[in-house]
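As the structure lists them, so they are numbered: ligands from 1, and atoms in each ligand from 1. These figures come from a predicted structure and were not determined experimentally.
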Amino acid sequence: MTSGESPVKVNTQMQYDMPEQLFSEDDIKRRIAAMAGDISRNMPADTMIISLLKGGFVFTADLIRALHRAGMQPQVDFITLASYGAGTSSSGNPDLHSDMQEDIKDRHILIVDDILESGRTISRARKLALERGASEVKIAVLLEKPGKREVDIKSDFTGFVIPDKFVVGYGLDYANRYRELPYIGWLDDL
Ligand code: IMP
Ligand code: MG
């Protein structure tokens, strides 16, 4: 690097507004510890986690460590389901972009995602798990927007119920940005 050159490359063509904080890192940490306790009292120690990508990966990473502290030994697999383009509203039936690798026949499954909105994403994941022979399918989401449900599906373990705002951070994105924020916030103009 020559002197005066910035070590961080910034794409100046894309605006990056700082979101308003809704839940802090600490709020999230405490809530996940409580959720893990609840999950450990209601599911077997060797529950198989099916984490929904991309949005669910940060929550899943913290949740499995909280589950360990709560005495569980979960296994983890991932599927990628996508229904959003670069916008802020989901549409249609989500596509399966990448499948799980594990055999889940007769397993107790916990589907983990960042947020439950219309319910289409989780409903698709749940159907898939049942088709593959899971003996039980439960659902854990960090966030829930109750006003937006279009499919009859309920979360078994919910972190926070939030108003109908588009939120980002902690894995949640807008046009694949803001996932890296350690907190959850909203953007004023969305
Ligand atoms: P659903 O299928 O409508 O329930 O939408 C769930 C999916 O949409 C989640 O897995 C998220 O990835 C995404 N999503 C829903 N609401 C938001 C939001 O407020 N911010 C970012 N992503 C969202
Ligand atoms: Mg998602």
Side-chain angles (χ1 to χ4, degrees), residues 14-25 27-28 31-32 35 39 48-64 76-100 104 109-132 134 137-190:
M14 182 125 183
Q15 202 179 315
Y16 191 101
D17 298 319
M18 267 313 173
E20 185 92 31
Q21 183 172 291
L22 184 57
F23 299 112
S24 70
E25 267 188 270
D27 296 337
I28 297 168
R31 188 65 197 116
I32 290 177
M35 287 178 83
I39 292 166
M48 166 79 81
I49 306 260
I50 302 289
S51 171
L52 305 193
L53 297 175
K54 301 180 199 168
F57 80 103
V58 177
F59 174 43
T60 302
D62 284 345
L63 182 65
I64 59 172
V76 188
D77 205 346
F78 299 91
I79 60 176
T80 308
L81 286 172
S83 59
Y84 274 54
T88 61
S89 64
S90 64
S91 59
N93 202 24
D95 296 324
L96 182 65
H97 285 260
S98 67
D99 206 341
M100 62 186 91
I104 60 165
I109 301 296
L110 181 64
I111 292 173
V112 175
D113 201 4
D114 49 3
I115 186 165
L116 175 60
E117 198 184 49
S118 75
R120 282 191 290 251
T121 305
I122 287 175
S123 174
R124 175 86 204 270
R126 183 171 186 276
K127 195 162 158 257
L128 195 70
L130 290 170
E131 282 166 7
R132 303 275 170 88
V137 182
K138 287 191 187 286
I139 292 159
V141 289
L142 184 62
L143 306 173
E144 196 177 333
K145 280 186 206 168
K148 301 272 271 217
R149 203 81 71 254
E150 287 170 29
V151 176
D152 185 24
I153 191 151
K154 284 189 182 64
S155 161
D156 298 285
F157 310 99
T158 298
F160 303 100
V161 175
I162 61 165
D164 185 13
K165 272 179 181 293
F166 193 82
V167 291
V168 295
Y170 199 74
L172 292 127
D173 74 305
Y174 172 59
N176 209 17
R177 309 200 109 203
Y178 300 106
R179 295 193 199 275
E180 74 282 11
L181 296 180
Y183 61 92
I184 292 169
W186 72 75
L187 291 164
D188 262 348
D189 47 359
L190 286 181

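Contact atoms of ligand 1 toward K145: 16 (N), 17 (C), 18 (C), 19 (O) (distance under 4.0 Å to a heavy atom of the residue). Contact atoms of ligand 1 toward D113: 9 (C), 10 (O) (distance under 4.0 Å to a heavy atom of the residue). The contact set between ligand 1 and D173, taken as ligand atoms under 4.0 Å from a residue heavy atom, comprises 21 (C). Listed by number with element, the atoms of ligand 1 under 4.0 Å from a non-hydrogen atom of R120 are 2 (O), 4 (O). Near T121, meaning under 4.0 Å from one of its heavy atoms, ligand 1 places the atoms 1 (P), 2 (O), 5 (O), 6 (C), 7 (C). Each of the following atoms of ligand 1 lies closer than 4.0 Å to a heavy atom of K165: 19 (O).
Between E144 and R149, at least one side-chain nitrogen of the basic residue sits less than 4.0 Å from a carboxylate oxygen of the acidic one, meeting the salt-bridge criterion.
Note: an N/O pair closer than 3.5 Å links G119 and ligand 1 by distance alone. Taking distance alone, with nitrogen or oxygen atoms compared against 3.5 Å, L172 stays at or beyond that limit from ligand 1.
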Residues D77, I49; criterion side chain to side chain contact (heavy atoms under 4.5 Å, CB included); working and verdict:
CA-CA 6 Å; D77 205 346; I49 306 260; over 6 Å; no
What's the verdict on side chain to side chain contact (heavy atoms under 4.5 Å, CB included) for I162 and I115, showing C-alpha distance, side-chain angles and the deciding distance?
CA-CA 10 Å; I162 61 165; I115 186 165; 4.0 Å; yes
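Not a single heavy atom of R124 sits under 4.0 Å from any atom of ligand 1. For the ligand labelled ligand 1, residue S118 lies inside the 4.0 Å heavy-atom shell. At least one heavy atom of I115 lies less than 4.0 angstrom from ligand 1.
Side-chain atoms of R179 do not come within 3.5 Å of backbone N or O of G169 as any donor-acceptor pair. Looking only at distances, no side-chain donor or acceptor of R132 sits under 3.5 Å from a matching main-chain atom of I104.
Listed by chain and residue number, nothing satisfies the side chain to side chain donor-acceptor pair (under 3.5 Å) test with D156 (two or more places apart in sequence, or in another chain). By the salt bridge (Lys or Arg N to Asp or Glu O under 4.0 Å) test, R124 is found to be paired with no residue, residues two or more places apart in sequence or in another chain being considered.
When heavy-atom distances to ligand 1 are checked against a 4.0 Å cut-off, D114 comes that close only through its side chain, counted from C-beta outward.
Taking the six-membered ring where the residue is Trp, Y16 and Y178 present tilted rings, their angle falling between 30° and 60°.
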